[in-house]
**Student:** 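Here it is, the structure, as structure tokens.
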Amino acid sequence: MTDLEKIAEKWQKKWKKAKIFEVKADSKKKKYYVLEMFPYPSGKLHIGHVRNYSIGDALARFKRMQGFNVLYPMGYDALGLPAENAAIKGKTQPREWTYQRIKEMKKQQEMLGFSYDWNRSYATSDESYYKWNQWLFEKFYEKGLVYKKNAIVNWCDSCSTVLANEQVVNGKCWRCKNEVKEKELEQWFLKITGYTEELLKDLNKLEHWPERVKLMQENWIGKSNGVNIKMKIKDTKEVIETFTTRHDTIYGMTFIVISPEHKKVLDWVKGKEIKGKVKEFIEKVKKESLIERTSTKRKEKRGLFLEKYALHPFTGKEIPVYTADFVLQDFGTGIVQAVPAHDQRDFDFAKENNLPIIVSVQPEEKELKAEEMQEAFEGYGILANSGEFSGMSSEKALDAIADKLEKSGQGKRAIAYKLRDWLISRQRFWGTPIPVIYCEKCGVQLVPEKELPVKLPEKAEFTGKGNPLNSVKEFAETKCPKCKGKARRETDTMDTFFDSSWYFLKYCSPTKEKIFERKETEYWMPVDQYIGGIEHAIMHLIYARFFTKAIRDLKLLKIDEPFEKLLTQGMVLKDGKAMSKSLGNAVDPGEIIEKFGPDTARVFILFASNPESELEWSEKGSETAFRFLNRISSLMQENLNKAKKKKKLNSKKERLLQSKIQRTVKNTTEFIEKLELNKAVSELMQLTNELQKFEEKNSEVFWSGIEKLILMLNPFAPHLSEELWEKTKGKGFSSLEKWPEFDKKKIDLTVEKEEEFLNSVKKDVEHIKELVKKEKTEKVKVFVAPKWKWKLLKKLFKEKEKTENKRIEFGQAMKKAAELEKTHKKELKGFVQNAVKKLNEMQEFIEIKEMEVLKENLKELEKEFEAETELVKAEKSKEQKAGNAFPLKPAILIE
RNA sequence: GCAUGGGUAGGAAAGUCCGGUCAAAUCCGUGGGGUUUAGGACCCCAUCCCUUAGUGGGUUCGCAGGUUCGAAUCCUGUCCCAUGCACCA
């Protein structure tokens with residue numbers, strides 16, 4: 001309601017004025033760096049943004065209250081296509097459009113009351129930011145981490161630019177979902193493959209990353225251990241190399257497949273009759289979009305015989321060489337040994353082309369016969385038809401065969417990765433200009449450091465065709481920095497993922513003179529908690545890790561990994577579907593803020609679901625949150641007049657409430673620490689209920705509960721927290737208060753457990769009653785026995801069951817008592833005895849004529865069954881090993 | 001196909017690591033009552049099924065088995081769902 005809105009505005013102003021969220025590096029203080037993935041400024045805040053920032057702000061506020069020096073910044077990933085598309089559509093320029101959106105977005109963020117240090121904010125489209133993109137590019141160039149090459153690249157028609165491999169999702173453009181084509185172009189690459197091993201290995205260091213993200217990166221890197229095998233081509237001096245991880249099947253090789261893009265293919269068919277056919281085939285493959293080519297739905301494999309034979313390295317047999325579309329150019333060597341018996345793809349191809357099948361690995365269960373096989377056997381087994389290796393297991397053969405290849409110089413162990421170098425050229429305007437000049441005489445020249453940044457022109461024409469930078473003469477035409485002659489500027493710009501690969505470093509020290517102040521940056525880094533969407537699991541998160549390592553190797557920083565903890569938040573759904581503009585089902589968070597204020601929006605979104613799970617949007621949900629906040633508010637304000645004459649009480653109820661308050665403090669703290677914020681809110685709701693039910697609203701406990709509740713509310717509903725804090729205390733900021741600390745001493749276990757315990761006893765008694773009724777007996781014996789004696793008891797009574805018609809059952813109350821006595825020895829001295837007493841008293845309620853309660857009186861029984869003492873001992877040590885506290889339980893004997 | 005994470009009351013979502021206090025927190029929804037000019041809001045009670053004044057009984061935590069005196073919780077198998085990867089040799 002407007003009330004909450006007014007409060008929000010009031011406190012946002014106060015915070016700003018008092019500058020309470022501005023921070024400085026201070027080596028004396030413990031730091032904590034909370035970071036959300038910065039947004040692309042599309043203008044309006046999406047509900048997913050609200051969720052993202054509500055999580056981050058809750059943590060930032062929590063850590064701040066715990067006494068940490070908290071860095072919590074916000075910025076804008078402001079370069080990129082949408083601005084340019086807007087320019088094509090309308091009369092605006094990308095710059096104008098972008099900064100307008102940033103303004104709008106920032107306003108909304110401020111309305112929500114996030115505790116950012118706005119002083120450190122920037123946009124990647126600021127010249128003072130992208131200057132350092134260019135600077136880094138040059139440093140990387142000098143280090144050999146940047147290179148230009150002619151390559152087959154992924155081309156998106158609708159974005160009219162190339163894409164990195166990471167940006168191709170299922171053969172489609174990650175942004176516009178258009179099908180991606182192959183195109184041959186000269187482009188700039190970053191040598192991320194120089195860090196493949198480290199990127200893979202260091203995943204182990206990331207203990208606090210979600211397993212699935214690490215797994216996705218691992219898969220993306222795609223390491224395969226295998227061998228490269230050299231094979232001579234018959235009647236020539238040529239040697240080709242195949243890569244395989246299954247060299248144990250080498251004797252099953254019946255043909256070779258080379259990828260259609262491989263240079264050798266055209267070489268080989270030169271001047272031959274099949275040339276035409278082969279060329280046609282290659283063209284066909286190239287024209288196919290990636291999605292068609294890699295579809296698993298298509299089973300048939302297309303290929304051609306190249307009229308060449310390779311010689312088997314061990315047997316010297318002639319092996320025909322084919323080219324086929326199922327072999328990829330850029331994995332391994334682009335050539336594979338085909339073993340139809342043990343690889344499904346090879347099997348399919350062999351069947352279609354009538355190629356022989358040789359079984360070289362036999363599974364253990366049955367014997368394979370080549371003629372009868374319906375599918376390939378891809379498992380490990382025992383080698384057959386494999387010369388000297390026949391009879392060996394696959395596992396052993398892998399090593400033995402690799403050894404033999406290496407010794408004979410016919411091959412060596414090799415590792416292949418799926419990860420390729422990162423293509424960063426983009427044929428677009430609104431990106432960081434690549435600081436390179438092409439001179440006819442001097443070739444590729446870097447723009448001298450002093451001349452950085454290479455600025456984007458103020459204006460350009462956006463026709464939607466080609467890169468607008470090409471048509472800006474002042475930009476494209478330049479002089480060679482070396483010979484001062486006529487030269488042309490690189491008009492490709494950088495992939496915007498370049499910008500976001502190091503932006504978290506810039507927040508640490510917003511200086512303009514350097515890329516960053518080392519000392520400050522090293523103080524703040526690494527990011528302690530990073531929060532963002534799962535969609536960046538590979539692209540952004542692997543690039544950022546790569547940059548951090550590369551920057552370390554430039555000796556600019558000493559940090560290996562940028563993000564200590566990672567939380568990947570779930571999506572916000574409506575009717576089970578992701579919300580999106582294109583589906584037209586997006587909820588505007590602005591409406592809720594207007595209706596209920598920012599606190600409500602935040603509490604609702606945090607309470608509705610665990611941050612990692614998906615969140616189902618509901619209209620009612622925000623009302624709940626709103627009511628909850630109002631309830632706290634009125635609970636406090638209605639009783640404010642009673643606060644002055646606080647009474648000290650010492651009733652059981654009061655002690656129970658005190659315990660409850662402490663439990664809430666403990667649980668809430670732990671939940672926020674684990675970022676299980678929905679549970680934290682639930683805890684606060686429970687405490688609110690308890691406080692409301694508590695009758696003595698003028699008591700000290702009640703008010704200490706209220707105070708703690710208000711403080712613990714700050715991370716979730718900061719404005720209301722401040723308002724209520726001011727009302728109780730008269731001054732100050734709750735945001736600057738100390739987070740309530742759990743005080744074990746204030747928990748009154750005795751009282752707390754009493755009821756619980758009595759209930760247990762009651763249950764046991766009731767159980768006894770029931771048994772009595774069923775068994776129609778009038779006599780009951782209750783033994784209180786350690787658990788390790790149960791086995792014995794059981795045996796004992798099994799006998800009696802037969803001979804004397806007696807039964808045994810086990811209760812639980814005494815166990816409870818015993819456990820408590822053990823873990824809380826001092827507080828609960830004599831609890832067990834009490835329990836026994838209670839149990840005796842309970843007899844009154846049971847219509848049993850005779851009931852004995854005996855504690856550990858089993859010695860006599862043991863004597864009766866002396867042979868069983870060994871059993872008892874064994875059970876006892878087993879229990880103790882398992883660390884069971886004090887497994888004392890009553891055994892009930894019915895006679 | 002491979003990998004990971006899940007399946008809990010009308011809905012969302014705790015509890016599962018560490019078995020007994022679990023017919024199972026919390027929130028919504030639904031029903032009843034109080035307050036209110038009405039609506040809303042607020043407060044109280046109920047909400048798996050049968051039964052009672054309190055109470056008692058029955059059936060539940062995807063499905064099927066197993067371990068145990070005792071299983072939502074441990075073990076085995078199985079089905080379903082979500083996400084990611086996928087002609088990677």
Side-chain angles (χ1 to χ4, degrees), chain A residues 1 169-170 210-216 218-220 222-224 226 242-247 249 257 259 293-299 301 324-328 330-339 342-346 348-349 378 416-418 534-535 537-538 568 570-571 604 607-610 612-616 618-621 623-628 630-631 634 638 671 676 678-679 681-686 689 692-693 753 755-764 766 770 787 790-791 793-794 797 807-813 815-816 819 882-885 889 891-892:
Chain A
M1 246 172 68
V169 180
N170 290 331
E211 271 320 300
R212 71 177 181 137
V213 173
K214 288 197 270 185
L215 222 107
M216 280 162 83
E218 200 182 312
N219 287 341
W220 186 259
K223 181 177 181 175
S224 303
T242 65
F243 173 78
T244 182
T245 57
R246 287 303 302 275
H247 37 289
T249 64
V257 188
S259 86
R293 177 150 175 207
T294 58
S295 163
T296 32
K297 279 182 201 151
R298 213 191 67 215
K299 266 268 167 105
K301 316 258 176 280
D325 59 354
F326 70 92
V327 172
L328 306 174
D330 39 16
F331 186 78
T333 58
I335 308 173
V336 298
Q337 59 158 7
V339 184
H342 305 295
D343 183 288
Q344 192 56 44
R345 294 156 296 174
D346 300 347
D348 294 340
F349 192 79
E378 297 186 326
Y417 299 96
K418 265 170 61 182
I534 186 76
E535 66 272 21
I538 318 192
T568 47
M571 283 196 291
F604 158 60
F607 173 63
S609 181
N610 187 300
E612 282 193 302
S613 338
E614 280 163 7
L615 184 151
E616 181 67 32
S618 85
E619 298 297 328
K620 292 274 195 257
E623 284 172 35
T624 313
F626 180 64
R627 272 196 304 240
F628 165 60
N630 275 323
R631 219 141 51 90
S634 51
E638 278 167 19
F671 283 141
E676 300 185 73
N678 56 331
K679 298 182 197 172
V681 175
S682 172
E683 282 290 325
L684 297 184
M685 283 175 168
Q686 287 180 51
N689 287 348
Q692 202 157 22
K693 276 187 219 149
K753 294 296 173 191
E755 282 183 19
E756 216 180 290
F757 170 70
L758 280 178
N759 283 339
S760 300
V761 174
K762 220 167 142 192
K763 271 209 165 164
D764 277 354
E766 268 154 17
E770 214 177 294
K787 202 175 173 186
W790 283 17
K791 282 263 154 100
L793 275 172
K794 204 182 148 196
F797 288 110
R807 279 203 48 194
I808 184 159
E809 294 273 342
F810 298 90
Q812 47 168 302
K815 177 201 166 204
K816 179 124 220 135
E819 270 174 11
N884 282 357
K889 293 192 180 188
I892 303 155

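Just so it is clear: chains get the letters A, B, ... in the order the sequence lines come, proteins before strands, and each one is counted from 1.
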**Student:** At under 4.0 Å between heavy atoms, what does A:A608 touch on the DNA or RNA strands: base, sugar-phosphate, or nothing?
**Tutor:** sugar-phosphate
**Student:** Quick one: A:E612 CD to B:A12 P, roughly how many Å, whole number?
**Tutor:** 19 Å
**Student:** Less than 4.0 angstrom between a side-chain N/O of A:T242 and OP1 or OP2 of B:A89, yes or no?
**Tutor:** no
**Student:** A:V336 pairs by side chain to side chain contact (heavy atoms under 4.5 Å, CB included) with which of A:V327, A:L328, A:T242, A:D343?
**Tutor:**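 Exactly one candidate clears the test, A:V327.
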**Student:** In whole Å, I'd like the distance from the CG atom of A:L328 to the P atom of B:A86.
**Tutor:** 11 Å
**Student:** Give me, pair by pair, the N or O atoms of the protein and of nucleotides 24-26 of chain B that are less than 3.5 Å apart, along with how far apart they are.
**Tutor:**
residue : atom : partner : partner atom : Å
B:A25   : O2'  : A:Q686  : OE1          : 3.4
B:A25   : O2'  : A:Q686  : NE2          : 3.3

**Student:** For A:D346 and B:C88, what is the distance between atoms CG and P respectively, to the nearest whole Å?
**Tutor:**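 A:D346 atom CG is separated from B:C88 atom P by 10 Å.
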**Student:** Could you report the tightest heavy-atom contact between A:F628 and A:V681, atom names first, then the distance?
**Tutor:** CE2-CG1, 4.5 Å
**Student:** Is there any protein nitrogen or oxygen under 3.5 Å from a nitrogen or oxygen in nucleotides 28-36 of chain B, and what are the pairs?
**Tutor:**
residue : atom : partner : partner atom : Å
B:C28   : OP1  : A:R627  : NH2          : 3.2

**Student:** Indicate, with a heavy-atom threshold strictly under 4.0 Å, whether A:Q692 touches base, sugar-phosphate, or nothing.
**Tutor:**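 A:Q692: backbone/sugar contact only, no base atoms under 4.0 Å.
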**Student:** Distance check needed: B:C43 P versus A:F628 CZ, whole Å only.
**Tutor:** 12 Å
**Student:** Just to confirm, is there a sub-4.0 Å distance from OP1 or OP2 of B:G15 to any side-chain nitrogen or oxygen of A:K679?
**Tutor:** yes
**Student:** For A:K418 and B:C87, give me the distance from atom NZ to atom C1', rounded to whole Å.
**Tutor:** 12 Å
**Student:** Give every pair of a protein N or O atom and an N or O atom of nucleotides 3-11 of chain B that lie under 3.5 Å apart, one pair per line with the distance.
**Tutor:**
none

**Student:** Is there a side-chain contact between A:R631 and the phosphate of B:C43, meaning an N or O under 4.0 Å from OP1 or OP2?
**Tutor:** yes
